Each structure stands twice: as C-alpha cells, then as structure tokens.
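Below is one structure; the comments refer to it alone.
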Amino acid sequence: MDIRSIKGVGSKTAELFEKINIRSTDDLIKYYPRNYDCYSEPVLIENLDRQKVVAVKCIISATPRLISANNKTIVNVIAKDEHNSPLKLVWFNMPFLKNKFKIGMSFIFRGRINYKGCDIQMEQPEIFTLAQYEIKQSEMQPVYALTKGLTNNMVIKSMHFLLDNMDYEQDYLPDIIRADYNLVSSKEALNNIHFPKKMDEMYAARKRLAFDEFIKFIYIMNHFKEDNRTIPNEYVINEDDRINALIKKLPFRLTDAQIKVWNEVKSDMAGTKVMNRLIQGDVGSGKTIIAALALISVALNGYQGALMAPTEVLAKQHYEYFVNLIEQYDLPVKISLLTGSMTKKEKNREYDRIEMGISHIIIGTHALIQGNVTYDNLALAITDEQHRFGVNQREALAEKGLSPHIMVMSATPIPRTLAIILYGDLDISVIDTLPANRLPIKNCVVDTTYRENAYRFIDKEISLGHQIYVICPMVEESDNFEAENVIEYSEKLKKSLKKNTKIEYLHGKMKPALKNDIMERFAAGKINVLVSTTVIEVGINVPNATVMLVEDAQRFGLAGLHQLRGRVGRGDAQSYCIFVNTSKDAKNNERLNILNKSNDGFFIASEDMKLRGPGDFFGIRQSGDMGFNVADVYTDAEELKKAADVMKAITGNKYVLSEEEHILFEIEMNKQLEKAMNHINL
Ligand code: ADP
Ligand code: MG
C-alpha cells in the first residue's frame, strides 16, 4: 500500500519518505533501525562526556527566568546535581515551561552538553520525572537513518501505526520448523526489530530476518544452478607457451599458492567439463594476475573472456593493468572497457567490437550484462565480486555465452562449510599466502590526542614520496550522527599538514566520472592524501600508499576495517594503520586491538561480535556483505547453516507438511525469485 495510507502521512511527509526510498508500507516495514537509543543511567556533571547525549539527575535550584529576544522566548533554569554542580538548562519558544519548575523539585534532563564560557549548558533537553525515566530505561528506542525534515519521531509514529494496523500474513515458515530451529515468527520479528524491549528480543528478531534473507538466497541459487559439473566443456583451452613466457617475465615470482591455483584453473579449462571455480584470497594475495592469465589464455585460444568488477573505478583499474600487460609482452590480444558512465557513442563502438569478435577481453561493471551486449564467443566469465554481486548477476554474465567457464574471485575469507552453502557447487581454490615481499602492516589504536603526532608522521611519509589514505565514516555533516565527514575533514587537514600537500576527498555520492578522475590521479601519484569514505574498500590497488588513518574507527566493524587496511601494505615499503578511537570508551580500544592480533578475517569478525555493544550492530555495515539487508555472513553464520538445513529438510520432505504449508512456502520463495529474474532482465 502507498505510504500515504498511514495515518498522519500526507503528501509532504510522503515526499520526505521518498527521499530515503520509502514509497510503500512494505518499504517502511523493511526500514530497520540504524541503531537503538538506550536511555542510560544518569551521570554526574563532573563526569560528562562533551558532545554526547547524556541524562543528568538534578534538583531545581533557582526560579526559572523567562526572557524574550529576537522574537524568541527563552526559558532559563538553573539546576544542581547530587554533587552540587550547576547545570544551565535552556528551552526556546516553550514559555509554558516557566511554571513547570519549582525550586527543590527533582527531574532528569537528557540532551547534548555544551560549554558556554564557564557554564555547562544543555539546550532543549528532554524532561522526565524520576518515575518516567525509569520506564524509559527499560525500553530501547529505535534510531532511524533520516533525511532533512524527517524526524525520528515521525518515523516511529508511522512505524507504530503500521505495525498496529498491519494485516499479518500467515508465516510462510511452518510452526514445527520454527520450533525445531528456534526461530521467532515473522510478526514477532518485525515488531521486535523496530521496538524491542530488551536486547535479547532484538537479537531474536534479527536472527529470524537474517534467516529469511538466507533461505531466499539459497532458493534462488538452487534455481539457477543446474548441475554445473555435468556441462561438457565446449571451450577447451590449450596451454600456450606465450603464457609461460609471460609468467617468467613478470616483475615478481608467483607465490606457491598462486601457482597451485593457476594449475587448478588451467586443468579445469582444459578438462572435459566446464569450469566453475571460486577463488578465495585475502586482500593483496594477488588474485588479479590469476584472472589475467586465464583471460589471456582464453584470448590466445581464439575466444572471448569477460571480467566484471563491482565498481567503475575498479573496472578501469583492471582495464589499465591488462592493457599494460598486453603491450608489455606484445601479445595479440585486444581489450574493451564497458562501464555505465560511458557515452552512448562510446558504448556502441565497444558493442560492435565485442559482437564482431574484435575484442578478446572485455572488462567492465554490470554494463557487461545489459541487454545490448552480444558476445561473439564468450568462453570465460569472471566476477571480481568482493561479495558485491548476487548469484543472479553472476548467472546473467554466464548466460551471455553458451555455458562458458565461470570463475568468481572473492576477498572475504569464509570457512569452507559456509562457502559451500553460499557458492553452491563451485569448486573452491584458496590463495592462502601473501607475496613474500610484504612486510606486515604495523597497526596502532590511539585516541584523539595522538592526532598531531599522526599528522607529523603523515608529513614525513609524504616527504618520502609515499601516499596516504584517511578514512571517515561520513560524507557530510549530519544532524543525528556525530562523526567525522570527508568534506570538512579534508578542509581541516589542509591546515594541519605541510603546505602544498595535495589533498582530495572521495565518497560514494560523487559522480562516477569524478570518482574515476580522483582515483586515477591518486593512483598516478598526483594526490598525496585521499580522504575517503569506505568506497575505497573495494579492491583498489595503489602499492605506493603506506599509511591509513581511520577516524572514528570504533564505529566500524572489524571485518570492514580489516578489508580497509588491505589497501595499504601492497608494495614493498613498510605500511602503517592508525585507528583513531574518538569515543572515551576503553572497551573500544580492546576491540580494535584485535586487529593487531590477527590477519584472519573470520577470526577477527567472530572476536568482534563478542565485544560489541548494543548500538554497534547497524551503525556501519560489516564489509563482505552480499547485498543482504540485515544478514551478515560472519555474524549470522549460524542462521546461514540453519537456512541451508531447512531448505534441505523441506525439499527432501523431512517434515510432513500440509499442502497449504507447502504452497505458502513456495509462494514466498517464488516472490523472491521473480524479483531476482527482473533484476537480470534489466
Ligand atoms: P587482490 O588479491 O587483493 O586482488 P591484487 O591482485 O590486486 O590483489 O595484487 C596486489 C598487488 O600485489 C599488485 O600490485 C600485484 O601486482 C602484486 N602481486 C601479485 N602477485 C604478486 C607476487 N607473487 N609477488 C609480488 N607481488 C605480487
Ligand atoms: Mg582484487
């Protein structure tokens, strides 16, 4: 139903909702909180954390004053906490409050603290009686991502209305299965993801929602996968001496792990059955060269191969790397680049070259799978997915050819058991060692007082000719999220670093052409410091970058930070990661220090989960997501296994279900499948 069917949502509010992509009630119900506000214990004024929202228990110590200034009325109240420290409270345009407060009365005020001269002051705080606050403390308030004009309260009200008036469909998951696998009902899950009373309820809700996403994913995957292992190989790729010569002439020696994986790929492509292989390797392990060898082999055998990257920047980078390789080794191979931001004319030219078989290697973004592209003889489809593509897109690329060889490259190390569930019947190769020239990255976790040192260190690294990444969580300033943002931070840096330092910023909301331009200039060494959001996380390779400074590091999931730090330490110089914990919570240091102890992404993620607090789950998503809304392969590994088991149990008729139960399940799954199919026929 249209979002306007909700009481209180008129066309104006509907417009605001539309800005955050909410058009229907269904969109709204799936708009899960970004965080939860827990009304915490009141604190003493002497222990206040600047800029943080806090609650203070006070006794009114002076008669309120009402002032008028610039068409505004201001109510001023002085109160004192239990240690007699004074707090000034200020409300605008709420004159009626003057009569609410009498000397000697106790209240709890909650808001953000400001320091005005020597006054400690709170503007527009929320007001609670002690009893009211106690009730609040036993609840968790959802915090939603907002847009200008839309308040958290508006979303909460709409959500309450929707949940109270919703006609809950019957759960597609039969009771008996839910009981066996310890899953709450959809109804409970929806209510408790938005308005949990306790953490446990939120966890249980989240588990069910993650389970739903996984089981639908598995259903789609099963649908797409025929028994790939039985497809005969129509494109037998013979060994070519020029490949071995190329390997010999590379500026580095392949690691043993790379050689092992390359041999597996080679023998697959020369075999009797088509290749279906997942290549896992941590960031920096050198997956690209394996893709290059495979693609060039295919080209030298007279066929076409395609490589699909998750972002334009990455596609372009791969393209340039390949062009270089081909030129350097003087190979008779032609390469095309195909991305969304190319002009129609440029695209048409490439379409022709691809269709006529002039291009042998085609590199691009999902533009590679769009309708207008016709391949001449596609024999190999590679997705460098870093988990950004779904099965359906991978499948769509494969369908552009007649059963081509398939190779999927992934940087997220997940245990074999999970990989088997997520990747169906792909064979798995692992590049399990890093090139020998790599020095381990030196990490440190610091507080904000260390910044000056960090800047001097950055100056020094730049003077040695190295480059720097600075990561901030935010694009621009926002009202309801206190964190460093790339735009303001780069301004600040200009004042803090040596004069003439070239600083640019990068974020996901920028036009692709601009992003490409900045990345290219950074890669070419024309920019010293790149201040960026996590958009750089995906696969960028600038071996000359040696320092990564992460602001508000405590706001990130550790798996994400692990991926991020993979952007440095890619060359032979010593690299450094500086994680700035901007909170005063020492627990965050403990958590961040896990990054010092291990380089194993899965270990890091699982340790991370043990130490996280309530508000840390939805803040900034773990990296390595596969386009799920809540589900996370690391966090919800249990649910992933459950989903695989339940799917097996249902399709294998392990449960005696009624016809109605079967139909309900099928309908729900098919809805999802239909969406996935629509996605393919873009
Ligand atoms: P990823 O596995 O993250 O995709 P890349 O393929 O981008 O890693 O490789 C990272 C860097 O390591 C590149 O600069 C690449 O040229 C280099 N590299 C790859 N293999 C080796 C090797 N065996 N020895 C030294 N450097 C290598
Ligand atoms: Mg890569």
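For ligands, and for the atoms within them, numbers begin at 1 and follow the listed sequence. As the structure is a computational prediction, the values presented were derived from the model and not from experiment.
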Inset, instruction - For L254, counting its heavy atoms only, list the atoms of ligand 1 lying under 4.0 Å from any of them. - result: 23 (N)
Legend entry - Sub-3.5 Å N/O-N/O distance, P543 and ligand 1: no
Inset, instruction - Heavy-atom contacts with T288 under 4.0 Å: which atoms of ligand 1 show up? List them by number with element. - result: 4 (O), 5 (P), 6 (O), 7 (O)
Inset, instruction - Pull out every atom of ligand 1 sitting under 4.0 Å from any heavy atom of R253, numbered as shown with elements. - result: 22 (C), 23 (N), 24 (N)
Inset, instruction - Could you tell me whether a side-chain N or O of Q304 sits under 3.5 Å from a main-chain N or O of H360, the two making a donor and an acceptor? - result: no
Inset, instruction - For the pair K400 (side chain) and Q370 (backbone), establish whether a donor and an acceptor sit closer than 3.5 Å, ignoring hydrogens and angles. - result: yes
Legend entry - Subset of ligand 1 atoms that lie under 4.0 Å from at least one heavy atom of T255: 23 (N)
Inset, instruction - Take every heavy atom of G281, measure it against each atom of ligand 1, and state whether any distance is under 4.0 Å. - result: no
Legend entry - K260/D256 ion pair, N-O < 4.0 Å: no
Legend entry - Close-contact set for ligand 1 against N541 heavy atoms, below 4.0 Å: 10 (C), 11 (C), 13 (C), 14 (O)
Inset, instruction - State plainly whether the residues E312 and K515 are in salt-bridge range, i.e. N to O under 4.0 Å. - result: no
Legend entry - Under-4.0 Å salt bridge between K498 and D459: no
Inset, instruction - Inspect the contact between E350 and R353 and indicate whether a charged nitrogen and a carboxylate oxygen are less than 4.0 angstrom apart. - result: yes
